[in-house]
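Excluded from the calculations below are hydrogen atoms, water molecules and symmetry mates; all remaining heavy atoms, backbone and side chain alike, are included. Since the structure is predicted, the reported quantities are computational estimates derived from the model, not experimental observations.
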Amino acid sequence: MGDHMDKRTKEETLGILMSITENMREGVHLIDNDGVTLIYNNAMAKIEDTRREEVIGKTFREAFPGFGPQESTLEKALMGEKIPEFQQTYTNKFGKEITTVNSTMPVYSGGKIIGAIEVSNDITTIKTMTDRIMNLQEERYKPENREFPRIRHYNFIDIIGNNADFLDTVKRAKKAAYSKAPVFIYGETGTGKELFAQSIHYAGPRKNKPFIAQNCAALPESLLEGILFGTVKGGFTGAEDRAGLFEQASGGTLLLDEISAMPYNLQSKLLRVLQEDYVRRVGGSKDIPVDVRIIANVNRPPDELMDSGALREDLYYRLSIVNLNIPPLRERKDDIELLAERLLDKQCRRTGKRIPGFSKKAMEQLHAHDYPGNVRELENIIMSAVAMGDNGREIEELQMTPDRRDRGGSGKGADGFVAGRDRLDTYMEETEKVLIRRIMAEEGGNISRAAGVLGIKRQTLQHKVKKYGIR
């Protein structure tokens with residue numbers, strides 16, 4: 001009876017686990033201590049382009065004969081090895097190269113290993129795109145290719161404003177340009193952090209050396225480490241000999257955008273590089289000297305980030321030799337008219353339209369708004385106005401972004417809509433349009449990332465982008 005109950009309990013437990021894993025985005029592969037697959041969910045089958053019935057109930061070797069000795073992380077886990085966050089590149093049975101980040105661990109019961117489980121995230125697309133970017137950067141920064149065409153860069157002349165606090169930040173940034181010291185920039189989304197970073201680089205003695213920017217939130221830890229520090233062939237499955245961004249930027253400047261999004265463990269490795277001025281490629285043993293100026297930025301107050309554990313205190317103090325705090329647009333309303341006129345002129349030159357300026361009502365709207373998206377939001381508002389405007393006529397009225405800081409009570413938000421006067425469906429559609437446009441701009445036009453931020457399916461966002469004509 002006891003054996004029968006044990007068997008039934010195991011079957012029930014397995015059934016529960018199968019139900020749970022079917023709703024997971026991550027791939028899940030569970031084997032018993034004989035290597036026989038018990039769970040192989042839909043996500044894993046999709047990642048590996050394999051039918052589940054070809055795997056479930058079979059040993060790992062029967063299902064995946066192409067793996068060589070000691071290559072399977074699941075088989076290693078059966079021997080007691082725990083393998084967290086392991087990047088693996090392999091070829092499936094159809095010859096397609098797949099890159100995943102896997103966490104694999106033994107499953108214990110009563111102190112004995114009874115199986116192993118692997119959880120996988122498919123990063124094939126990210127890996128492919130990263131390799132292309134890295135190859136282009138390597139080619140661009142080879143000594144013989146220093147004249148390789150590059151995207152437009154910014155200088156202090158591009159920084160617009162007369163607000164006293166803003167000018168004080170600009171003054172500090174100009175002084176910092178002639179120093180080798182690291183710079184730490186805090187500013188809300190859309191305040192122009194990269195504009196300041198580029199201006200510092202191109203105004204200083206490193207202006208003829210590389211300026212490279214990397215968003216630390218865009219990639220998983222396993223890829224980001226290799227991108228920053230480089231990789232050695234054979235250092236991990238699928239690795240190649242490749243210089244990282246520190247080597248490529250040597251002599252110049254490396255901008256680490258959203259540095260607080262960098263995994264905590266990787267922050268400690270970065271700190272070591274900053275202290276010792278050398279890098280060691282992932283999987284390598286050779287120390288490579290580098291001469292790189294670091295500029296880092298965040299869009300939340302550093303104190304908050306350190307208190308929450310997102311940013312290491314020792315790294316912050318190492319990076320914040322020069323500290324710049326860019327005021328948000330709502331705190332420099334005296335600059336709005338100047339910025340609006342410059343941005344209008346920029347859009348007219350870009351589109352070929354002749355729009356003489358803003359009506360009094362339109363300018364009042366600009367001054368009344370609170371700009372949660374800051375200067376980037378102001379530019380988006382004016383881009384929209386120019387797109388819809390007529391040649392030879394002032395901009396009469398603007399479509400403002402709904403202000404997420406407004407908590408209601410007045411019956412009229414900073415977005416310009418009045419409760420009871422505007423149709424609800426019109427209000428919701430315009431709100432959705434502006435929000436999607438802003439998030440798409442913030443995510444650099446990347447549909448997948450924008451869909452994640454908005455909490456909707458990728459296909460849904462594609463439909464809405466097409467519907468609203470968002471580019």
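For the atom pair Glu26 CD and Met44 CE, the distance stands at 10.0 Å (nearest 0.5 Å). Between atom CD1 of residue Ile321 and atom CD1 of residue Ile294 there is a gap of 12.5 Å, rounded to the nearest 0.5 Å. Atom OG of Ser199 and atom CG of Asn155 lie 6.0 Å apart (nearest 0.5 Å). Remark: Gln267 CD to Leu274 CG distance equals 11.0 Å, nearest 0.5 Å. We find the CG-CZ distance between Asn374 and Arg332 to be 9.0 Å, quoted to the nearest 0.5 Å. Expressed to the nearest 0.5 Å, how far NZ of Lys82 lies from CE of Met105 amounts to 5.5 Å.
Put simply, the side chain of Phe196 reaches to within 4.5 Å of the side chain of Ile159, judged on heavy atoms. In this structure, Ile259 and Leu270 have side chains that are in contact, with non-hydrogen atoms separated by less than 4.5 Å. In this structure the side chain of Val465 reaches within 4.5 angstrom of the side chain of Ile447, judged on heavy atoms. A heavy-atom distance below 4.5 Å is not found between the side chains of Gln347 and Ile355. For the pair Val55/His29, a side-chain contact is recorded, criterion being any heavy-atom separation below 4.5 Å from C-beta on. The side-chain heavy atoms of Lys346 and Glu379, taken from C-beta on, include a pair separated by under 4.5 Å. In this structure, the side chains of Arg330 and Tyr371 stay at 4.5 Å or more apart for every pair of heavy atoms. Contact of the Glu188 side chain with the Leu329 side chain is not registered, since no non-hydrogen atoms from C-beta on lie closer than 4.5 Å.
A perpendicular orientation is assigned to the rings of Tyr316 and Phe184, their planes being inclined by more than 60° (bins at 30° and 60°). Ring planes of Phe60 and Phe64: tilted class, angle from 30 to 60°.
No donor-acceptor pair closer than 3.5 Å links the side chain of Arg318 to the backbone N or O of Leu271. Here the side chain of Ser320 pairs no donor or acceptor atom with the backbone of Val322 at under 3.5 angstrom. Judged by distance alone, the side chain of Thr169 and the main-chain N or O of Asp165 form a donor-acceptor pair under 3.5 Å. For the pair Arg280 (side chain) and Ile288 (backbone), a donor-acceptor distance under 3.5 Å is absent. Between the side chain of Ser384 and the backbone N or O of Ile381 there is no donor-acceptor pair closer than 3.5 Å. The backbone N or O of Asn265 sits less than 3.5 Å from a side-chain atom of Ser268, completing a donor-acceptor pair. Side-chain N or O atoms of Lys193 include one that pairs as donor or acceptor with a backbone N or O of Gly187 at under 3.5 Å. With hydrogens and angles ignored, the 3.5 Å screen pairs no side-chain donor or acceptor of Lys46 with any backbone N or O of Asn41. For the pair Lys353 (side chain) and Val386 (backbone), a donor-acceptor distance under 3.5 Å is present. Under the 3.5 Å distance criterion, the side-chain polar atoms of Thr50 are matched with a main-chain donor or acceptor of Glu48.
Contact between Ser250 and Pro210 at its shortest, heavy atoms only, is O-CD, 4.3 Å. Residue Gly284 comes nearest to Val232 through the heavy atom pair CA-CG2, 3.6 Å, listed as atom of the first residue, atom of the second, then distance. Nearest heavy-atom pair across Ala385 and Leu398 is CB-CD2, 3.5 Å. Summarising the geometry of Ala450 relative to Leu461, their closest heavy-atom pair is CB-CD2, 3.6 Å, with the distance given to 0.1 Å. Contact between Ala197 and Ile185 at its shortest, heavy atoms only, is N-CD1, 4.1 Å. Heavy atoms only, all atoms of each residue included: Leu366 and Ala340 are closest at CD1-CB, 3.8 Å.
One side chain, Glu258 or Asn215, offers a donor N or O that lies under 3.5 Å from an acceptor on the other. Inspection of the Glu118 and Ser103 side chains reveals no N or O donor paired with an N or O acceptor under 3.5 Å. Between Asn102 and Thr100, the side chains place a donor N or O and an acceptor N or O closer than 3.5 Å (distance only, hydrogens not considered).
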Would Glu377 and His369 count as a side chain to side chain contact (heavy atoms under 4.5 Å, CB included) if you check the C-alpha gap in whole Å, the side-chain angles of each, and the deciding distance to 0.1 Å?
CA-CA 11 Å; Glu377 181 181 347; His369 192 48; 2.7 Å; yes
Would you check, one step at a time, whether the test side chain to side chain contact (heavy atoms under 4.5 Å, CB included) holds for Met306 with Ser260?
CA-CA 9 Å; Met306 287 186 283; Ser260 60; over 6 Å; no
Criterion side chain to side chain donor-acceptor pair (under 3.5 Å) on Asp334 and Asn163, from CA distance to verdict:
CA-CA 6 Å; Asp334 46 337; Asn163 173 269; 3.0 Å; yes
With side chain to side chain contact (heavy atoms under 4.5 Å, CB included) as the test, would you mind laying out the steps for Asn323 and Val183 before giving the verdict?
CA-CA 6 Å; Asn323 228 321; Val183 178; over 6 Å; no
Using side chain to side chain contact (heavy atoms under 4.5 Å, CB included), reason through Thr253 and Ile295 one step at a time and then give a plain yes or no.
CA-CA 7 Å; Thr253 302; Ile295 300 178; 3.8 Å; yes
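Screening Leu339, Asp345, Leu338 for a side chain to side chain contact (heavy atoms under 4.5 Å, CB included) involving Arg342 leaves a single residue, Leu338. Screening Ile227, Ile212, Val290, Leu254 for a side chain to side chain contact (heavy atoms under 4.5 Å, CB included) involving Gln248 leaves a single residue, Ile212. A ring-ring contact (aromatic ring centres under 6.0 Å, His included) with His201 is found for exactly one of Phe211, Phe156, Tyr178, namely Phe211.
Using a 4.0 Å cut-off between charged nitrogen and carboxylate oxygen, Glu247 and Arg281 count as a salt-bridge pair. A salt bridge links Asp291 and Arg206; the closest N-O separation between the charged side-chain nitrogens and carboxylate oxygens is under 4.0 Å.
Less than 6.0 angstrom separates the ring centroid of Phe246 from the ring centroid of Phe229.
Shown here is Lys174, whose NZ atom has no more than 12 heavy atoms of other residues, nucleotides or ligands within 6.0 Å.
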